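Everything quoted here is computed from the prediction, not taken from an experiment.
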Amino acid sequence: MASLIPVIRGKLGSTEYFVGTMKGKELVERLTIPKELEGWEDISIEEKYQREIDFNRVKKYIAPYLANDPDRFFGSLIVAVINPEGINFESINDVGKNLPGLYKSTAEGIGFLTLSGGEVLVPLDGQHRLKAVKYAITGKDDSGVDIPDITSTNQLAQEDVTVILVPYEKEKARKIFNKVNRYAKPTSKAQNLITDDDDVIAVITRDIADKIIGSRLVNFQSNTLSKQAEEFTTLSMLYDSVEHILLMKGHKFDKSTRPEKAKEKLFQQEVENVWVTLVQKIDLFVAALHDKSEGGDDRRREIRHDFILGKPIGQLCLVRAYLRLQASKTDKGANYSDDEICSRLNKIDWSLDSPKWRGILTIGDKMASGKTAQSLGGDFIAYLAGEHLAEDKLNDLLNRIKTSFTKEEQESIVLPPREVS
C-alpha cells in the first residue's frame, strides 16, 4: 500500500536522507528487524551480536516507559529503505504555486515522500525502540503473552515517531550501523545520577546534595576529590550512601521505576534523618560545612588533607558504621541514641596518618576504594566505636583485615584497642 510522508530532504557526505514522522501503528507494521532479513546468516559474528535484541530490556524497561509515561519521548530511528526505486520525493516548490522568492530555495528541501509499498524498511539504529512501540501498543510480546505492568495503549499507535530514511546500499548501510552503534558513547555514572528520574536513589541523592550538603560542595564529575578541590564530597558517594541507608532500613526498590509517592516520601525521610544527624553532630562534618562559601574552601581542604572523614570513602564508611551502631544494642540491651552514636564516633582518632587505617582505608599513601573497602571500613569503624561483637565476629573482622597484608605481615596483625568502650 502506498503511503505519503511529510519530510525534510538532506545530504550528509555521500548519503541522501529524508527526515519525517510515522504513526506508531504504521511504524510497527512497516519496519522489519534486521534478524528477519534475507541474508542474515551471511553477516559477521560481530554484526549479529550487535543486532541481537535484548527482549528482556525491551519488556522490562522500554515498553513500560512508552506505555505508562505520558511524557514519553525518544530520538529518531535510522531506517534503511531497501528497494528504494519506488520512492518519490516532491518538494513544496513542485506542488505549490507562486511561493515568494525568499522561500523557494528553502522549500526545495521540504516536501512529501511517497512510498510505493514495495519497500522493505529496516532500522539501522532503533530496533529496541521499534519492538518497544509494538509491545506498548499491544500489551503483548511476540509470543502473544501479556507483558506485566503494561496496559495496551492505542494512543501511542496514533502518535508520531521520527524516522530518518536512508536509501539502502549494502556496504553503506553496514557502515552506518556499525559507526552509529560501535562509537556511541554510553553516559557516565555521574551523568546518569544527574539526569535519571526513574532511579529513586538518584532522585533522593540529588535532593540530599542540594538541600543538606549544598550543590556547590558536591563534585558530580568524579568519584574522588583532588587536593585542591573545594567540594566536601562527591555525588557518587552520596548515591552509595543513600542506597545503603535504604537497604539497612529494610526497604526494597527497583531502580528502573519510581515508587508510589507515599513510599518515595518515606525513603526520602529515612535518608534525610541520617544525613541531617551526621552533618549536625559529627564534629569534622560540622567543621567542613560551617562555611559553605569560598571562605570555607581552605578549611575543607585542610580536613581532607589531615583526616579520613575528609575523603569520600571515609564519609561512606562513617555512614555504614553509623547504621551498624543504630542496629546494634548496648550492653544493657537497649538501642543507642543518635547522640550516643555520634559521641562515640567523634571520639575516634580520624587522623589520616594513624597506623590503624593501614590496609583498611589506606594503602601506602593512597586511599582504598571499592566495595570491599567500603564494607570493611564501615565494620572497622563500628568496632572502634564500641559495637558489641561475638568472638567469631571479631575473628572474622581480623581475618578480613589481614587479607590486605603479606603472609609475613599477617602474623603480627591484631585488632587495635577500641577507641570507645
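Contact check on K255 versus D196 returns no salt bridge, with no Lys/Arg side-chain nitrogen under 4.0 Å from an Asp/Glu carboxylate oxygen. A salt bridge is defined here as a Lys NZ or Arg NE, NH1 or NH2 lying under 4.0 Å from an Asp or Glu carboxylate O, and R258 with D69 fails to meet this definition. Salt bridge E387/K393: absent, no basic N to carboxylate O contact under 4.0 Å. Residues D146 and K140 are paired through a salt bridge, judged by an N-O separation under 4.0 Å between the basic side chain and the carboxylate.
Note that CD of Q269 is 13.0 Å distant from CD of E264, once rounded to the nearest 0.5 Å. Taking CG from N154 and CD from Q158, the interatomic distance works out to 8.5 Å, rounded to the nearest 0.5 Å. Atoms NE2 and CG, from H305 and D298 in turn, are 13.0 Å apart once rounded to the nearest 0.5 Å.
In this structure, the side chain of R129 engages the main chain of G75 through a donor-acceptor pair within 3.5 Å. Under a 3.5 Å cut-off, the side chain of Q410 and the backbone N or O of K402 do form a donor-acceptor pair. The closest donor-acceptor contact from the side chain of W275 to the backbone of V319 lies at 3.5 Å or more, if one exists at all.
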Show the numbers, then the answer: is there a side chain to side chain donor-acceptor pair (under 3.5 Å) between Q315 and T233? CA-CA 8 Å; Q315 296 160 0; T233 193; 2.6 Å; yes
Go through it in stages, so that I can follow the logic: the residues are K23 and D160, the test is salt bridge (charged side-chain N to carboxylate O under 4.0 Å, His left out), and I'd like the CA-CA distance, side-chain angles, deciding distance and then a yes or no. CA-CA 5 Å; K23 299 298 182 183; D160 300 309; 2.8 Å; yes
D240 and R320: salt bridge (charged side-chain N to carboxylate O under 4.0 Å, His left out), yes or no, with the steps? CA-CA 10 Å; D240 289 341; R320 296 176 71 109; over 6 Å; no
Determine, stepwise, if the pair D197 / R206 fulfils salt bridge (charged side-chain N to carboxylate O under 4.0 Å, His left out). CA-CA 10 Å; D197 287 328; R206 295 195 297 267; 2.8 Å; yes
When you look at Y239 and E243, which way does the side chain to side chain donor-acceptor pair (under 3.5 Å) test go after all the steps? CA-CA 6 Å; Y239 181 91; E243 182 174 19; 4.9 Å; no
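Between H251 and F267, the angle of the ring planes lies from 30° to 60°, which puts this pair in the tilted group.
Around NZ of K281, the count of heavy atoms belonging to other residues, nucleotides or ligands within 6.0 Å exceeds 12.
Under the 3.5 Å distance criterion, with hydrogens and angles disregarded, a donor-acceptor pair is assigned to the side chains of K356 and S354.
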